[in-house]
Every structure is written in C-alpha cells, then in structure tokens.
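Numbered from 1 within each chain, the chains take letters A, B, ... in sequence-line order.
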Amino acid sequence: MAKAKYTTHLGMFDILPDESPKWRALENIIHEEAAKFNFEEIRTPIMEQTELIKRGVGQLTDIVTKEIFAFKKGDSNYVLRPELTAPVVRSFVEHHLDQRGGSQKLYYIGPMFRAERPQKGRQRQFHQFGVEIIGSDDPVADVECIAFMMQIYKRIGIKNFNLKLNSVGDPESRDAYKSVLRDYLKPHFDSLSELSQKRFDKNPMRILDSKEPEDQEFIKNAPVISDHLNEESARHFEKVCDYLRKLGIEYTIDPLLVRGMDYYTRTAFELTSPDLGSQDALAGGGRYDLLVQEIGGKPTPAVGFAAGMERLMIACEELNIELALPKKVDIYIVSLGDNARSWALTALPKFREAGISATMDYLGRSMRAQMKDANRENAVYSIIVGDNELEEGKFTFRNMHESEEESLSLDEILTKLS
RNA sequence: GAGCUUGUAGCUCAGUUGGUUAGAGCGCUGGUUUGUGGCACCAGAGGCCGUGGGUUCAAAUCCCAUCAGGCUCCCCA
C-alpha cells in the first residue's frame, strides 16, 4: 500500500496501541529488576557529538565507518547515538560522577540508531536496555552485570540461550597475542579473504570473527588468546568464570568471541538465542577499562552490556510468551439520551478518583453499539443509564463476564467496587 | 555495498491458459422486538490490483522500467 503520502523512514517503526502495552511491561520488568540490583537509571540525549562516538566506539569499526546517522548544523557535528556506552561514559566524565563516591551502577533504556540494511531483528531505530558499572575492576562487577542481564531473561521466561564468554585481554596481553596471531596468519596471508587482509595490520583479532568461508580453515587452528593472557588478565578471567559457576550461571568459553567495539578489554560476552534466526544476539557486552581515559577522564575501569529489546520480543513471540496482560477497563457507562450522557460524563471522575478505570461512548451510538464497544474494550462492568434510571437514582450495574445485573445507586456501586 | 524475493480492501491472502460490474476470511458500520455485548444470521462501507510505459480487440494476469517492502550476506543488539 504505497498510498500513504508520508511514511516512516526505512527501518523505523511506530509502536502502535496494540503493541505498546508489552513495551511498557518489558520496561517495568527492567526497572523493577534494576531496583533490586540497586542500579540507577541514566538518561542521555538522543544526539551526541560525532567525535565522541568516533573516539569512543572506534574509528575503524563498522558502526562508525558506515552505520552512523550524522549531520552538521552550524559548527556542531551531530550524531544519532548508535549505542550508549560511550555517551554514558561521556556523562560520567562530564559530570564527575566519580565524586558521588564508590562505583557507579547505571542502567538505561532507549532508542539507538544505525544506518544498516534492515532485516529481521535489525532495524535502523531499535531499542536497547543495558548496564554500565563504572569504577570497579573487580570480577564481581563483571559477574553482577551478567547476572542482571540473565535475570531479565529468566524472569520473562526465556530459557533457551547460550552465554558465550571470552577474555580479549588487557593491552599488554593483546599486543602479545596480536603478534602471535600475525605470525601464525602471515604464511597464509594471500589465501585470506579480502576483508581479513584489510584487518591484518590494524585489528587482526577481528579476523577470528570472520564468516568468510576461505578464512574458516585458518581460524579453526589459530592460536587462542587465553593461552597468551598475562597473569593479571588470566586471574581476572578465572575469577569471573568461578563466580559464574558459583551463581549457577551456565556459559561456554568461546575463544573466537571478539566484539565489534574497539573499547573492550578483558571480559567479553554475548548471549545468543536459537529462536532468533540470523540476527541471533540477544545481548552483548564486556569490560572496557580504557574508555573513560580515552574520553578524557581519569583511568577508570568499567564493565557493561547492552541488550536488544526488539530481539527479546521476537524471542517471546517464538516462545508464545505474553509480556502484557490483555487490556481491560473496569467500568463502561452505557448512556441513552442527553440527560444520561451528561450524567455519565459527571460520574466518570468519581470512579477515577477511587482508582477505578472508567470510560463511556463518545459517538452517541445506539445502546447495542455501546454494549458491543464495552465488550470490545473488555469492560469488567457496564452501567446502563436511561431516563428511568435517572428518575429512580438506581442504575443497571452489569457484570459483563457473568452476565448478571442488579439495580444500584452510584454510591452503592462505588462501595461495592472499593 | 551484494544476492534472492514480494507488491491485490484496515489486516492475512485467493484470483485458473490475459476475457463481462475484482473476491474470501478477519476487522469496521448498521440491523435481526424501537433499552442489553460475546455466538449466529442479514446488509453495508472500504481497492487508480505499488507507479510509469509497452504488447493486445482486451492486462491484476505477459514484457520493460521504476519505486517501496521482506529475507539473506556483511556487521551487530
């Protein structure tokens, strides 16, 4: 139907009234669980300085090189945020949040923007929730972060997933590993895919992530970073694994897990689901001990994750999980005639003040049509008002599910419902 | 950026080898005792058959172009 003159942009979608309750339900779950973890919400602007995203996410990442929506206005370069770790860190540095004391345990919910080709589970405007714990390098922080992430899926009832874990090492370990990896790949350089050849110098670890068929043979036998971690990184990683086991959180170590953002150090993890199809990552994250400094703050360790909300909802649909209860309204006032209509209008606030949801017909329809409407709106009770009822001061109070009626005054109805 | 694929009512889709006023289900509106919903029945509204061009006596149907979706690769949430 290319009939509508104005439409949403490619890959951007309206959340319509039939869908919004499940979004609110999901958001409520996130807020409630975050409160249990004592995480605090942070909200940052939809737009950031382009330079922040380039520095934070990494100049050479796909996100920055081809997926950002950026424009210039006056002397400023604006970018629609493609992720929230860099903006949260910016906020942390800008407002000296370290001065609040301790480590900052922050969470967020909101839209992100990436100019990709849309497909199932991938949109240009999509929504994430996530956590950033800034100021602790204790493995406890890594594990609390993962535990929160898992708790959301557990509470919703998504059980079918795979938590993949790896350590990408600190800079020292990583440099050592990179040269080992280059030495290993060098003899095969000409056989590598074009993309991997490009990555060879700047970021050879990303080659491990390659899905090009010609690379697979070399990836399979490549040296593994866990054999090249320095003592500190290795100990940190062991602790993380150990704590996860103690919490009963299952994981698999995936030595090939390398994440797309440049800022990750040491712990990296990804949660995938077999219910999602080709875009199977539900959530991903890791430690980024260098980012705060990169953005201009004091050296400060941090760890976080981000989870895709649309993907979570796709998984719910696959599993027939209903996030939201069916809609309903407590009272629907069916009115006949002008006097009854104005009575209805003035009765509505009395219910609402008592915490009872109440509505009426706005179209002056027939009684039958109003009853149909009450049914469609899933009214628990209807109140039928006509001239007879107005004279007697008693109204027909109908239980829509039981199909039982009684004649009551407004006060009697209110008492009955409270 | 590349490959595949689809465009017919608000939604999901039928439309036979091109042939009279383009169909169904759901949804919507009204009605079946003028004051009672869900079920059933009846009726109605709603389509430049994505757009433009071509072939033909005749095109939703064939051809070309174009636009817009969807899926996949890549990458990620």
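Not counting sequence neighbours, the partners of His31(A) by the side-chain hydrogen bond (donor to acceptor under 3.5 Å, both in side chains) test are Tyr107(A). Remark: Lys328(A) engages Asp330(A) in a salt bridge (Lys or Arg N to Asp or Glu O under 4.0 Å) (not counting sequence neighbours). Taking the side-chain hydrogen bond (donor to acceptor under 3.5 Å, both in side chains) definition, one finds that Gln293(A) meets it with nothing, sequence neighbours left out. Partners of Ser233(A) by side-chain hydrogen bond (donor to acceptor under 3.5 Å, both in side chains), not counting sequence neighbours, listed by chain and number: Asp170(A), Asn230(A). The side-chain hydrogen bond (donor to acceptor under 3.5 Å, both in side chains) check on Asp373(A) picks up Tyr332(A), Arg365(A), Arg376(A), with sequence neighbours excluded.
Rounded to an integer number of Å, the gap from Glu391(A) CD to rG35(B) C1' is 15 Å. Taking atom CD of Glu310(A) as the reference point, atom P of rA77(B) lies 14 Å away to the nearest angstrom. What separates CZ of Arg398(A) from P of rU36(B) is a distance of 10 Å, to the nearest Å. Nucleotide rA77(B) holds its P atom 11 Å from the CD atom of Glu132(A), rounded to whole Å. Rounded to whole angstrom, the span from the CE atom of Met313(A) across to the C1' atom of rA77(B) amounts to 13 Å. Note: CD1 (Ile333(A)) to C1' (rG35(B)) measures 16 Å, nearest angstrom. A straight line from CD1 of Ile152(A) to P of rA77(B) spans 18 Å, rounded to a whole angstrom. Rounded to whole Å, atom P of rU36(B) lies 12 Å from atom CD of Glu389(A).
Here, rG27(B) and rC41(B) have their P atoms 12 Å apart, quoted to the whole Å. Distance check on atom C1': rU51(B) versus rU6(B) gives 16 Å, rounded to whole Å. For the P atoms, the distance linking rG54(B) with rA58(B) amounts to 12 Å, nearest Å. On the C1' atoms, rA77(B) is 23 Å away from rA2(B), given to the nearest whole Å. Distance check on atom C1': rU8(B) versus rA68(B) gives 16 Å, rounded to whole Å. Taking atom C1' in both rC49(B) and rA9(B), the straight-line distance is 10 Å, to the nearest Å. Nucleotides rA22(B) and rU36(B) are separated by 39 Å at their C1' atoms, to the nearest Å. Going from the C1' atom of rG18(B) to that of rU55(B) covers 11 Å, rounded to whole Å.
Applying the 4.0 Å criterion to OP1 and OP2 of rU72(B), one finds that Gln119(A) has a side-chain N or O inside that range.
The OG1 atom of Thr300(A) lies 10.5 Å from the OH atom of Tyr288(A); values are rounded to the nearest 0.5 Å. To the nearest 0.5 angstrom, Ile321(A) atom CD1 is 4.5 Å from Leu319(A) atom CG.
Contacts of residues 367-384 of chain A with RNA chain B (heavy atom under 4.0 Å): Met367(A), Arg368(A), Ala369(A), Met371(A), Lys372(A), Asn375(A), Arg376(A), Ile384(A).
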Report, one pair per line, the protein and nucleotides 2-6 of chain B atoms (nitrogen or oxygen only) whose separation is under 3.5 Å.
unit_1 : atom_1 : unit_2    : atom_2 : d
rA2(B) : N6     : Arg117(A) : NH1    : 3.3

For nucleotides 65-67 of chain B, tabulate all protein N/O to nucleotide N/O atom pairs closer than 3.5 Å, reporting atom names and distance.
none

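In this structure, Phe129(A) and Tyr153(A) have tilted ring planes: the angle between them lies in the 30° to 60° band. Aromatic ring orientation, Tyr177(A) versus His228(A): tilted (interplanar angle from 30° to 60°). Between Phe269(A) and Phe305(A), the ring planes are tilted. Angles from 30° to 60° get that label.
Identified under the salt bridge (charged side-chain N to carboxylate O under 4.0 Å, His left out) test for residues 171-184 of chain A, with sequence neighbours left out: none. Within the structure, side-chain hydrogen bond (donor to acceptor under 3.5 Å, both in side chains) pairs that include any residue of residues 119-130 of chain A comprise Gln119(A)-Ser278(A), Gln119(A)-Gln279(A), His127(A)-Glu310(A) (at least two apart or interchain). Note on residues 338-358 of chain A: pairs passing salt bridge (charged side-chain N to carboxylate O under 4.0 Å, His left out), not counting sequence neighbours, are Arg341(A)-Asp361(A).
Across all strands, Phe13(A) comes closer than 4.0 Å only to sugar-phosphate atoms, never to a base (heavy-atom distances).
For Glu116(A) and rG1(B), a side-chain-to-base donor-acceptor distance below 3.5 Å is absent, hydrogens and geometry of angles not being considered. Taking only distance into account, the side chain of Arg122(A) never meets the base of rC71(B) through a donor-acceptor pair shorter than 3.5 Å. On a pure distance criterion of 3.5 Å, a polar donor-acceptor pair joins the side chain of Ser403(A) and the base of rG38(B).
Glu132(A) and Thr85(A) form a side-chain donor-acceptor contact under 3.5 Å, judged by distance and modelled atom types alone.
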Checklist entry - Would you write out the dot-bracket form of RNA chain B, 5' to 3', with Watson-Crick and G-U pairs under 3.5 Å, [ ] for crossing pairs, | for pairs to other strands and . for unpaired bases? => result (((((((..((((.....[...)))).(((((.......))))).....(((((..]....))))))))))))....
